[in-house]
Structures are given as structure tokens and as C-alpha cells.
Amino acid sequence: MFNITDTEKLRDAYIFLTFAQNAPAAAPEKKANREIFITNTKREIREYNNRPISNTRIISADYDGRLELVRLPDELDTAHKEDAAEWFDDNCYLEAYNSQYDCTGQEFTSRYKLFRRQGHWYAYHMVSRDV
């Protein structure tokens with residue numbers, strides 16, 4: 001019923017759940033349908049709340065870009081900086097493509113800095129937007 005993809009839809013699902021649990025059912029068949037809706041809504045809330053955690057955190061953002069903190073995979077913990085940079089270039093680096101139009105809105109990597117923290121490779125990744 002709900003396709004929970006952000007906190008606003010999560011809030012709507014909780015409001016619906018509260019309303020559905022407190023609303024009186026007029027007939028037994030409607031009560032069964034209501035219980036199915038409540039069960040499905042609870043399941044979708046649970047799936048959203050238990051989703052996998054992203055390896056990327058947005059540290060700061062404004063209208064034309066953002067600064068992300070990216071944790072590289074655990075397989076790279078013992079790798080050299082050159083290997084970590086190669087992995088970042090292959091998997092995270094956003095290439096800018098020329099366009100005949102102004103203000104395309106495309107995102108691209110302005111710069112990044114690799115560093116180690118607590119035995120893991122991380123990167124500060126500055127993503128800019130063509131506005």
C-alpha cells in the first residue's frame with residue numbers, strides 16, 4: 001500500500017496506522033480487511049526502518065553541491081592508497097560531460113581526498129551540480 005522511501009512517507013504511514021487502529025469497523029469482513037491493511041503497513045514500516053545503512057553520509061550541502069563522507073569497502077582495508085584511489089575512481093567518481101545546453105543539472109566530482117580512519121579507507125567526496 002505504502003511505498004516508503006523517505007521520512008515524509010514514513011510519517012504518513014504512522015498516521016495512517018494510528019487512524020486505522022483507532023477506527024471502528026462496521027462489519028466483520030471490513031474488520032478483516034482492516035487487519036490486513038494494518039499488517040501490511042507495519043511490515044512496510046519495519047522494512048524501511050531495517051534497511052541497510054549506506055556507506056555514504058552527506059556532511060554539508062547547498063543548492064549547487066554537497067560534501068560526502070564515503071566509507072570504502074572492507075576489502076580495501078589492507079590496500080595501498082593507490083588501490084583505494086583506483087577503486088574510488090571506478091565506483092564513485094562522477095564524470096562531467098560537456099553539453100550544448102547551459103545548466104544541465106548533472107552532478108560531477110569536483111575533488112576527493114582519501115584518508116584512513118580506524119583502519120578503514122574513507123574519502124571526502126565533493127559533488128558539484130551544473131546549475
Side-chain angles (χ1 to χ4, degrees):
M1 184 172 162
F2 284 98
N3 184 15
I4 302 173
T5 56
D6 56 14
T7 55
E8 184 177 337
K9 290 183 181 179
L10 179 65
R11 181 178 41 88
D12 293 342
Y14 274 117
I15 290 170
F16 172 78
L17 185 62
T18 303
F19 176 75
Q21 288 175 334
N22 294 333
E29 64 273 359
K30 289 185 179 181
K31 184 176 182 180
N33 287 339
R34 184 180 73 174
E35 294 300 322
I36 292 171
F37 281 132
I38 289 172
T39 304
N40 289 339
T41 304
K42 285 182 178 180
R43 182 178 299 119
E44 291 179 23
I45 289 172
R46 217 175 296 113
E47 287 173 3
Y48 180 79
N49 287 332
N50 294 330
R51 70 192 184 282
I53 297 173
S54 173
N55 288 337
T56 302
R57 283 198 196 148
I58 296 176
I59 296 173
S60 66
D62 56 13
Y63 70 96
D64 64 348
R66 65 183 180 274
L67 178 63
E68 300 175 337
L69 177 64
V70 180
R71 179 177 175 177
L72 278 58
D74 293 339
E75 297 84 39
L76 297 172
D77 288 349
T78 58
H80 293 287
K81 188 172 186 175
E82 293 80 21
D83 297 331
E86 182 179 341
W87 185 92
F88 186 89
D89 289 338
D90 293 341
N91 295 287
C92 299
Y93 192 88
L94 301 173
E95 193 71 37
Y97 298 102
N98 291 332
S99 172
Q100 62 185 357
Y101 305 106
D102 289 337
C103 306
T104 60
Q106 71 173 328
E107 294 183 334
F108 58 93
T109 298
S110 300
R111 61 186 178 273
Y112 68 91
K113 177 174 175 46
L114 293 171
F115 63 95
R116 292 183 68 85
R117 180 187 293 169
Q118 298 175 350
H120 300 288
W121 281 108
Y122 288 85
Y124 284 119
H125 183 204
M126 183 65 189
V127 179
S128 297
R129 180 175 291 129
D130 181 21
V131 292

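These values consider heavy atoms only, across backbone and side chains, with no hydrogens, waters or symmetry-generated copies. Position 1 is the first residue of the sequence; numbering continues from there.
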Which pair of heavy atoms, one from Glu35 and one from Thr39, lies closest together, and at what distance? O-OG1, 2.7 Å
How many angstroms lie between CG in Asp77 and CD in Gln118, if you round to the nearest 0.5 Å? 11.0 Å
Within the supplied structure, the quantity of interest is the number of heavy atoms (other residues, nucleotides, ligands) at a distance under 6.0 Å from Arg111 CZ; does it exceed 12? no
Which value, rounded to the nearest 0.5 Å, describes the distance between Glu86 atom CD and His80 atom NE2? 13.0 Å
Atom pair CG (Asp6) and CZ (Arg11), whose distance is rounded to the nearest 0.5 Å: 9.5 Å
With ILVMFWY side chains joined below 4.5 Å, transitively, what does Phe115's cluster contain besides itself? Ile59, Leu67, Leu69, Tyr122, Tyr124, Met126
Shortest non-hydrogen contact from Arg66 to Ile58? CD-CD1, 3.8 Å
Distance from Phe16 atom CZ to Thr41 atom OG1, nearest 0.5 Å? 4.5 Å
Please tell me if the side chains of Trp121 and Pro73 come closer than 4.5 Å, counting only heavy atoms from C-beta onward. no
Roughly how far apart are Thr7 OG1 and Asp12 CG, rounded to 0.5 Å? 9.5 Å
Distance-only donor-acceptor check, side chains Tyr112 and Asp89, under 3.5 Å: yes
Could you check Arg51 against Tyr48 for side chain to side chain contact (heavy atoms under 4.5 Å, CB included), going step by step and ending with a plain yes or no? CA-CA 5 Å; Arg51 70 192 184 282; Tyr48 180 79; 3.4 Å; yes
Which atom of Asn3 lies closest to which atom of Lys9, heavy atoms considered: O-CD, 3.3 Å
Nearest heavy-atom pair of His120 and Arg71: which atoms, and what distance? CE1-NH2, 2.6 Å
Please confirm whether the backbone N or O of Phe108 pairs with a side-chain atom of Ser128, one donor and one acceptor, at under 3.5 Å? no
Considering non-hydrogen atoms only, spot the tightest contact between Leu72 and Ala84 and give its length. CD2-O, 3.7 Å
Within a strict 4.5 Å, meaning less than it, do heavy atoms of the Ile4 and Asn49 side chains meet? no
Chi angles and distances behind the side chain to side chain contact (heavy atoms under 4.5 Å, CB included) call for Glu47, Arg43: CA-CA 6 Å; Glu47 287 173 3; Arg43 182 178 299 119; 3.7 Å; yes
Arg57, CZ: over 12 other non-hydrogen atoms inside 6.0 angstrom: no
Quick check for you: to the nearest 0.5 Å, what is the distance between Ile15 atom CD1 and Leu10 atom CG? 10.0 Å
Of all heavy-atom pairs between Leu114 and Ala123, which one has the smallest distance, and what is that distance? CD2-CB, 3.6 Å
Could you tell me whether a side-chain N or O of Glu107 sits under 3.5 Å from a main-chain N or O of Leu94, the two making a donor and an acceptor? no
